[in-house]
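In what follows, a single structure is set out as structure tokens and then discussed.
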Amino acid sequence: MIESLKGTLPQWLNSIGPYADIVFLSKAVLYRDIEGFPFNTRASDEEKAEILELLLEGIKTLPDFNNVFLLKELSGYEKEFLLERHFIPESLVQNGIYSGVAPNGTQNNTLLINTNDHLQISSIFPGFKIQEPYSECDQLDDALNAELDFAFDKKLGFLTSSPKRVGTGLETSVFIHLPAVVITGGAGDLIGKLEKNNYSMEGTFLTGGGIEGSVFKIQNEFSLGVGEEEIVEKTEKQIKEVIQKEIDAREYIMENARYETEDKIWRSYGIITNARYLTLGDFLNLASAVRLGVGLGLIKNISILDINRWTILSQPGHLHLESGVDLDQREENILRAKLIRKNTGV
Amino acid sequence: MKCDLCGKNEAKYKYYEVDSEGIRELHICNECAKKKGITFSSRVQQSKEENIKCLNCGLSFREFKKTSLLGCPECYSNFQSKLDVILMQIHPGTTHKGKTPVKDVRLLSMKKEIKELQKRLEDYVKNEKFEEAVRIRDTIEKCQAELKSIRGRND
């Protein structure tokens, strides 16, 4: 089903953006619901099917969205593949009979049908860029709005299933790598500080062992009483502060624990490039140290772009679809190790 | 049970605090309630209030409190008085300040035109063609003023 996506990487995995060693990607999402229908929290199956039809018709009018994937037609691993590419949320891997997703040609922009809300318009850019993905979403919103009426109230703005998203319906976020903040014990403080400013921060790779790889998602938790441009500006300012914190923490560990840090980085480099068996958790933590090594200028023969790609390509859905056979856990771990060795030429 | 806020006095009231994370249940004492300026409705009145339902989709306020998710656009007006408090706590303001749905074809094409002009402006600046850049900047400003006036009429 998703053969057409398998062979091509999204554009955001083919280039790097500002602060690439710290910010993995930036994302904007606009939440929209069609007027005259309940939100999907209360919609009947018939209504969900009707919403799906309406949105599919609307999407047809957009020139760059020629592929729509209906989740009910996909296997579990295909849905995981879409999750790993940031096309669908985790809630849809198990569910989503009436859901569909349409990526554009570059796979940077996606239109997601029927989560709790009827439509999520989203755009991803590599590195730290908030304005660009928002502008993409804004244009798609206008184009779709010419075909469909969205639930809107003069006082409250766009109406969404969660009161958190009412108003602009805009969520801006970054996936950010903060190994030095974590090592210096500053993550808790940072979460508290962000919360005060109405931003949330949570680990993006959670396994049984906790947060892996020091990668976090930070996003705004407000959307009413401020315009879109103001949200974009606030997020830019907020994330700049977080980036500076990570830069400061990196300087601190290099001044105070240079040998311990370098040792951890080079050991991780040695293992990741030579391992014959890598669990996802192991990979994420090793890749985090190697990424830090690249960022600090220690490791030269691996690029941030390499690590960004591995992070997506070595996840279960991608490994399973790439191999074309049903892998058990052991085979998956062996294949993951092989993928990294192949890419590093070791 | 001790008060969740001061940790000293016996808790007397159950109190729900709403923030961006969702809804938290707190048990608090008389003094802390006074300090926070909270007045409590009786249990009977409270449970009555929580049983109110959206006239359109049938969602009760109690159900909303469990999931933090509303059932339909009309929930916003049907639960208005209760939601106003929540919205005030989550957001910087209670009135929408962002874009409005674009239905006007002229608005759409003008927005597109401005975007293209801005791209050209960037190119001119990059190539140090400053005279052209100034000219195009003036055109952009004119277009933006016109856009504003069309939007104003639509409102």
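Every chain is numbered from 1 and lettered A, B, ... according to where its sequence line falls, protein lines coming before strand lines.
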Problem set entry | Residues B/K99, A/E229; criterion salt bridge (charged side-chain N to carboxylate O under 4.0 Å, His left out); working and verdict | CA-CA 10 Å; B/K99 71 190 278 194; A/E229 297 299 335; over 6 Å; no
Exercise. Which region of A/N116, side chain (C-beta onward) or backbone (N, CA, C, O), has a non-hydrogen atom less than 4.5 Å from a non-hydrogen atom of chain B, or is it both or neither?
Worked result: side chain
Problem set entry | Per-residue contact mode, B/E63 against chain A (heavy atom under 4.5 angstrom) | side chain
For this session: Just give me the residue among A/T160, A/D33, A/N220 that pairs up with chain B most often, heavy atom to heavy atom, under 4.5 Å.
Result: A/T160
Exercise. Is the backbone N or O of B/L70 less than 3.5 Å from a side-chain atom of A/T41, with the two atoms forming a donor-acceptor pair by type?
Worked result: yes
Exercise. Sub-3.5 Å donor-acceptor pair from the side chain of B/Y76 to the main-chain atoms of A/D153, do we have one?
Worked result: no
Exercise. Where is the tightest heavy-atom contact between A/V226 and B/P92, given as atom of each residue plus distance?
Worked result: CG1-CG, 4.0 Å
Exercise. Between A/L156 and B/L87, is any pair of side-chain heavy atoms under 4.5 Å apart?
Worked result: yes
For this session: Pick whichever of A/G36, A/S161, A/A43 has the most heavy-atom pairs under 4.5 Å with chain B.
Result: A/S161
Problem set entry | Closest contact, heavy atoms only, A/P38 versus B/P73 | CA-CD, 4.4 Å
Exercise. Between A/D138 and chain B, which part of the residue has a heavy atom less than 4.5 Å away: side chain, backbone, both or neither?
Worked result: both
Exercise. Is there side-chain contact between A/P163 and B/F64, with at least one heavy-atom pair below 4.5 Å?
Worked result: yes
For this session: For B/H91 and A/F222, indicate whether the former's side chain and the latter's backbone hold a donor-acceptor pair under 3.5 Å.
Result: no
Exercise. Got a donor-acceptor contact below 3.5 angstrom from the A/N198 side chain to the B/I90 backbone?
Worked result: yes
For this session: Check whether any side-chain heavy atom of B/C72 sits under 4.5 Å from a side-chain heavy atom of A/R42, and report yes or no.
Result: no
